[in-house]
Participant: 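Just passing along the structure, written as C-alpha cells.
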Amino acid sequence: MADKITPRHVDYSRWYTDVVIQGKLADYSPVKGAMVIRPTGYAIWEKIQQNLDRMFKETGHENAYFPLLIPESFMKKEAEHVEGFSPECAIVTIGGGQELEEKLYIRPTSETIIWAMYKKWIMSYRDLPILINQWANVLRWEMRTRLFLRTSEFLWQEGHTAHETSEEAEKEALKMLNVYKTFAEEYLAIPVILGKKSESEKFAGALHTYCIEAMMQDRKALQAGTTHNLGQNFAKAFDVQFQNRDGELTYVWATSWGVSTRLIGALIMAHSDDRGLVLPPRMAQKPIVIVPIWRGDEEKSAVLNFAEKVLTELKTKYKVIFDSREQFKPGYKFADWELQGIPIRLEIGPRDVENKQAVLVRRDTMKKQSVDVDEILDKVGTELENMQIEMLEKAKTFRDENTHEIDEYRKLTKFFGGKGGFVKSHWCGSPECEEKVKSDTKATIRSIPFNRKKEEGKCIVCGEISEGRVIFAKAY
RNA sequence: CGGGGCGUAGCGCAGCCUGGUAGCGCGUACGGUUCGGGAUCGUAAGGCCGGAGGUUCAAAUCCUCUCGCCCCGACCA
C-alpha cells in the first residue's frame with residue numbers, strides 16, 4: 001500500500017497496472033493469461049450487469065444459458081467463423097480419462113451452439129423473433145494479455161437473436177448498439193462514437209459489425225462494445241429455416257452483440273488519475289466513505305457519535321463505508337479510498353463536530369468544501385449527480401480536443417508518430433489503403449461513423465473519390 | 001512465435017562474479033506514543049533460495065537440463 005502509483009506521464013501502461021493492482025480490482029492468477037477479479041473489481045462488473053440486464057429486459061430480451069463446451073463439428077460449420085476463431089481456441093480432448101470421440105471446444109463465443117439449438121426451436125414465423133441473452137465466460141487463447149483489457153478467459157454477455165426479415169435484424173443490431181451507447185455515456189461516463197466496422201475489422205461470420213468506440217487518456221481507441229448483423233450466414237450453416245407468412249421456407253436472419261469485462265478496463269483508462277481509480281457515481285457500489293478523525297479518547301467518542309448520526313442519515317439513501325479503523329491515520333485512509341475510486345469522502349473531525357459540519361471531498365476534482373450536516377443528504381446527492389455529468393463532459397472535451405481532420409498522408413504518419421489521437425480522414429473504401437495506413441502507422445480504421453458528414457473528398461492514401469471521413473486511431 | 005528481463009519470507013529486492021551459520025525494506029502480530037494528507041518506537045513470527053540432476057568435505061552461489069512468470073513486438077473484444 002505504501003507503493004506509489006506510477007504517474008501516467010511516466011509510463012501509461014504501468015500506471016494502468018498499478019491502478020488495477022493497488023486498487024485491489026484484480027490480481028494475477030496462477031494460470032497464465034487469466035486473472036482473478038477481486039471484490040472491488042467484481043462490484044463494478046455487478047453494476048455493469050445490473051444496469052445492462054435491466055436495459056436488455058426493457059427492450060424485450062430474456063436470459064438463458066448454453067453449454068461451455070462446443071462440439072468441434074459445430075465450430076467448423078461457418079467458414080469465416082472457423083477461420084477467425086480456431087487459432088485462439090482451447091480444446092478438450094480427454095474426458096473421464098478417455099480420449100473423446102469428438103473434440104470439444106471451450107467456447108470463444110456461442111453462435112454455433114446457440115444456432116444448433118435455434119434449429120430445433122424455430123419452425124414458423126410464429127416462433128420469431130427469439131431475443132436471448134446469456135451472461136457467461138468465454139475463452140480465447142490470447143498471446144499477450146492485459147488485466148481486464150485482454151485476458152484469455154473473460155466474462156461477458158452475448159445476445160443472440162433470430163428474426164423473420166433482414167430489416168428486423170438490422171434494426172435489432174442498431175437498437176442494441178444504442179443500448180450500449182446509453183449505458184456507456186450515462187453510467188460509465190464514457191462518450192462513444194457509433195459506427196460501422198470496415199471489412200477487415202468485422203466479426204468473423206458477420207455481414208456487418210457495428211461498434212461503439214471510445215478514447216482513452218493515452219489517446220488510443222478502445223472498442224467498448226459491438227453488435228453484429230449476421231445476415232443468414234449462421235442460419236445457412238446450421239440449416240435454420242422457417243415457414244414465413246407466405247408459406248415459403250426461408251432462412252432466419254440473425255444478430256449477436258456483446259460487451260465484456262473489458263468495459264472495466266475502459267472505465268479505468270477513461271477516468272482514473274495518478275491517485276488511482278476514479279469511479280463515476282453510478283458505477284460505485286458504495287459511493288460514499290466517512291472518515292472520522294480524532295485525538296484522544298474524549299474526542300474519539302464525540303467524533304464517532306456525531307459521525308454515526310451522519311452515517312445513519314446517509315444510509316437512508318446510499319450505501320456508505322464508515323472507516324473507523326484505529327491502526328491508520330487519516331492521511332492513509334484518504335489515500336486508500338482514493339485508490340479505490342470512492343466518489344465522495346466525508347471527513348469528520350473535532351472542528352466539524354463543533355460546527356456541525358463535515359468536509360466533503362469529490363474524488364474527480366479533489367475539491368474540498370464544508371457542508372452543514374442539516375443539508376448533507378441534499379448536498380451529497382447534488383455532488384454525485386454533478387460528478388456523473390461532469391465526468392462525461394470532461395471525457396468528451398478530451399476526446400474532441402484530440403480528434404483532428406487530416407488530409408495529407410505525410411501529416412497522418414507524422415501525427416501517429418507523435419502523441420496520436422483520433423484522425424478523421426477520407427478513405428476510398430479499399431482494404432489495400434486501410435492496410436497501408438496500418439503498416440505505416442499501426443493505426444487502423446476504428447469506425448465509419450454513422451453521423452459523418454456527406455462530403456466529397458479524396459482518399460488520404462490513393463486519392464480516389466471518397467464520400468466521407470472515417471476514424472483512424474491506434475487501438476487496444 | 002521473435003526480442004528482453006526475472007524466479008531467494010506475504011510483497012519488493014540484496015547476496016551469486018570469488019562456494020563456508022540466509023539478509024534488508026515494506027507488510028503482518030503484540031505493546032506504547034500518535035491521529036485534519038500515506039505516523040513512530042520497541043518486541044516477535046515468518047524460508048525445502050522455482051524444480052531435477054551433477055561437481056564438491058560443503059551449493060542460493062559453479063555446471064547441465066527443466067518449469068514458470070513479467071515486459072516489448074506480430075494476432076485479438
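Keep in mind it's a predicted model, so treat the numbers as computed, not measured. Within every chain, numbering begins at 1; the chains are lettered A, B, ... in the order of the sequence lines, protein sequences first and strands thereafter.
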Participant: Report yes if the ring of Phe154(A) lies under 5.5 Å from the six-membered base ring of rA77(B) with planes under 30°, and no otherwise.
Facilitator: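 Phe154(A) ring centre within cut-off of rA77(B) base, planes near parallel; stacks.
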Participant: Work out how far the C1' atom of rC75(B) is from that of rG15(B), and round it to whole angstrom.
Facilitator: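 Rounded to whole Å, the distance is 41 Å.
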Participant: Quick one: which of rA77(B), rG36(B), rC35(B) gets closest to the side chain of Trp294(A)?
Facilitator: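 Looking only at heavy atoms from C-beta outward on Trp294(A), the closest nucleotide is rC35(B).
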Participant: Distance check: side-chain N/O of Lys329(A) vs OP1/OP2 of rG36(B), anything under 4.0 Å?
Facilitator: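 Answer yes for this pair, as a side-chain N or O of Lys329(A) is under 4.0 Å from OP1 or OP2.
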Participant: As a test of understanding, state which of Gln369(A), Lys367(A), Met387(A) forms a side-chain contact (heavy atoms from CB on, under 4.5 Å) with Arg362(A).
Facilitator: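 Single side-chain contact (heavy atoms from CB on, under 4.5 Å) partner of Arg362(A) among Gln369(A), Lys367(A), Met387(A): Met387(A).
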Participant: If you measure from the P atom in rU8(B) to the same atom in rG4(B), how many Å do you get, rounded?
Facilitator: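 These two P atoms come out 22 Å apart once rounded.
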Participant: Please name the nucleotide paired to rC6(B) by Watson-Crick or G-U wobble geometry with both distances under 3.5 Å, or report none.
Facilitator: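 Pairing partner: rG68(B).
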Participant: Quick one: is rC70(B) close enough that its OP1 or OP2 comes under 4.0 Å of any side-chain N or O from Thr17(A)?
Facilitator: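 So the side-chain polar atoms of Thr17(A) never come under 4.0 Å of the phosphate oxygens OP1 or OP2 of rC70(B).
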Participant: Atom CD of Glu326(A) to atom P of rA39(B): distance rounded to whole Å?
Facilitator: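 Glu326(A) atom CD is separated from rA39(B) atom P by 15 Å.
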Participant: Do you know which of Trp141(A), Tyr105(A), Phe203(A) makes ring-ring contact (aromatic ring centres under 6.0 Å, His included) with Phe85(A)?
Facilitator: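 Filter result, single survivor: Phe203(A).
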Participant: Between atom CD in Gln22(A) and atom P in rG27(B), what is the gap in whole Å?
Facilitator: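 In whole Å, rG27(B) P lies 14 Å from Gln22(A) CD.
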Participant: Pairing check on rU18(B): which nucleotide meets the Watson-Crick or G-U wobble criteria with it, both distances under 3.5 Å?
Facilitator: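 The answer is none; no pair meets the criterion.
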Participant: In whole Å, what separates the P atom of rC26(B) from that of rC65(B)?
Facilitator: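 So the two P atoms sit 40 Å from each other.
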Participant: Which nucleotide, rA77(B), rC35(B), rA74(B), lies nearest any side-chain atom of Ile293(A)?
Facilitator: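 Nearest to the side-chain atoms of Ile293(A), counting from C-beta on, is rC35(B).
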Participant: Measuring from the side chain of Ala335(A) (C-beta onward, heavy atoms only), which nucleotide among rC72(B), rG37(B), rC75(B) has the closest atom?
Facilitator: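 Taking heavy atoms from C-beta onward, the closest nucleotide is rG37(B).
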Participant: Does rC62(B) pair with anything, Watson-Crick or G-U wobble, both distances under 3.5 Å, and if so, with which nucleotide?
Facilitator: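 Result: rG54(B).
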Participant: Starting at atom OH of Tyr28(A), determine the distance to atom P of rC69(B), rounded to an integer number of angstrom.
Facilitator: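 That distance rounds to 13 Å.
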Participant: Taking atom C1' of rG37(B) as reference, at what distance in whole Å does atom CG of Asp336(A) sit?
Facilitator: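 Rounded to whole Å, this separation is 13 Å.
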Participant: Arg14(A) has an atom CZ; how far is it from atom P of rG12(B), in whole Å?
Facilitator: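 These atoms are roughly 13 Å apart.
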Participant: Quick one, Phe234(A) with His81(A), criterion ring pair (Phe, Tyr, Trp, His ring centres under 6.0 Å). Give me CA distance, side-chain angles, the key distance, then yes/no.
Facilitator: CA-CA 9 Å; Phe234(A) 283 89; His81(A) 195 71; 5.1 Å; yes
Participant: Select one nucleotide: of rC75(B), rG37(B), rC35(B), the one nearest the side-chain heavy atoms of Pro330(A).
Facilitator: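 Minimum distance to the Pro330(A) side chain belongs to rC35(B).
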Participant: In whole angstrom, what separates Tyr476(A)'s OH from rC72(B)'s P?
Facilitator: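 So the two atoms are 10 Å apart, to the nearest Å.
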Participant: Say we look at rA9(B) and rG23(B): how far apart would their P atoms be, to the nearest angstrom?
Facilitator: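 rA9(B) and rG23(B) have their P atoms separated by 13 Å.
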Participant: With both distances kept under 3.5 Å, what pairs with rG36(B), Watson-Crick or G-U wobble?
Facilitator: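 Matched rG36(B) with nothing under the 3.5 Å cut-off.
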Participant: Looking at rG73(B), which nucleotide sits across from it as a Watson-Crick or G-U wobble partner, both distances under 3.5 angstrom, or is there none?
Facilitator: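 Check on rG73(B): paired to rC1(B), both distances under 3.5 Å.
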Participant: Counting heavy atoms from C-beta on, name the nucleotide in rC75(B), rA39(B), rG36(B) closest to the side chain of Lys438(A).
Facilitator: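 For Lys438(A), the side-chain atoms sit closest to rC75(B).
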Participant: Take atom P in rA59(B) and the same atom in rU28(B), then report the distance between them in whole Å.
Facilitator: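 Their P atoms lie roughly 37 Å apart.
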Participant: Just checking Arg146(A): base, sugar-phosphate only, or nothing, at a heavy-atom cut-off of under 4.0 Å?
Facilitator: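 Nothing: the residue Arg146(A), judged by heavy atoms under 4.0 Å, touches no strand.
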Participant: Can you tell me the base-pairing partner of rC30(B)? Count Watson-Crick or G-U wobble geometry only, both distances below 3.5 Å, and say none if there is no partner.
Facilitator: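 Partner of rC30(B): rG42(B).
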Participant: Specify the separation, in whole Å, of atom CG of Leu139(A) and atom C1' of rA77(B).
Facilitator: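 One finds 13 Å between C1' of rA77(B) and CG of Leu139(A), rounded.
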Participant: Quick one: does Asp273(A)'s side chain have a donor or acceptor within less than 3.5 Å of a partner on Gly276(A)'s backbone?
Facilitator: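 Yes, the answer is positive, given that a donor and an acceptor are paired below the 3.5 Å cut-off.
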Participant: Which of the following nucleotides, rC75(B), rG37(B), rA77(B), is nearest to the side chain of Phe334(A)?
Facilitator: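 Selected nucleotide: rG37(B).
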Participant: Would you measure the distance from the C1' atom in rA58(B) across to the matching atom in rU21(B) and give it in whole Å?
Facilitator: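 About 13 Å, rounded to a whole number of Å.
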Participant: Applying salt bridge (Lys or Arg N to Asp or Glu O under 4.0 Å), run through Glu375(A) and Lys379(A) and close with a yes or a no.
Facilitator: CA-CA 6 Å; Glu375(A) 0 182 280; Lys379(A) 195 69 195 169; over 6 Å; no
Participant: Partner lookup for rG25(B), please. Criteria are Watson-Crick or G-U wobble with both distances under 3.5 angstrom; report none if nothing qualifies.
Facilitator: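 Its partner is rC11(B) (Watson-Crick or G-U wobble, both distances under 3.5 Å).
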Participant: For Trp294(A) and Leu304(A), what are the C-alpha separation, side-chain angles and deciding distance, and is it a side-chain contact (heavy atoms from CB on, under 4.5 Å)?
Facilitator: CA-CA 9 Å; Trp294(A) 66 81; Leu304(A) 285 181; 4.0 Å; yes
Participant: Does Thr444(A) reach the main-chain N or O of Arg446(A) with its side chain, forming a donor-acceptor pair under 3.5 Å?
Facilitator: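 Looks like no, no N/O pair under 3.5 Å.
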Participant: Whole angstroms only, please: what is the CZ-P distance between Arg351(A) and rG36(B)?
Facilitator: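 Going from Arg351(A) (CZ) to rG36(B) (P), I get 10 Å.
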Participant: Which listed nucleotide (rG37(B), rC72(B), rA77(B)) is nearest to the side chain of Arg140(A)?
Facilitator: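 Of all the options, the side chain of Arg140(A) is nearest to rA77(B).
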Participant: Distance check, C1' atoms only: rC49(B) and rA60(B), in whole angstrom units.
Facilitator: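 So the two C1' atoms sit 4 Å from each other.
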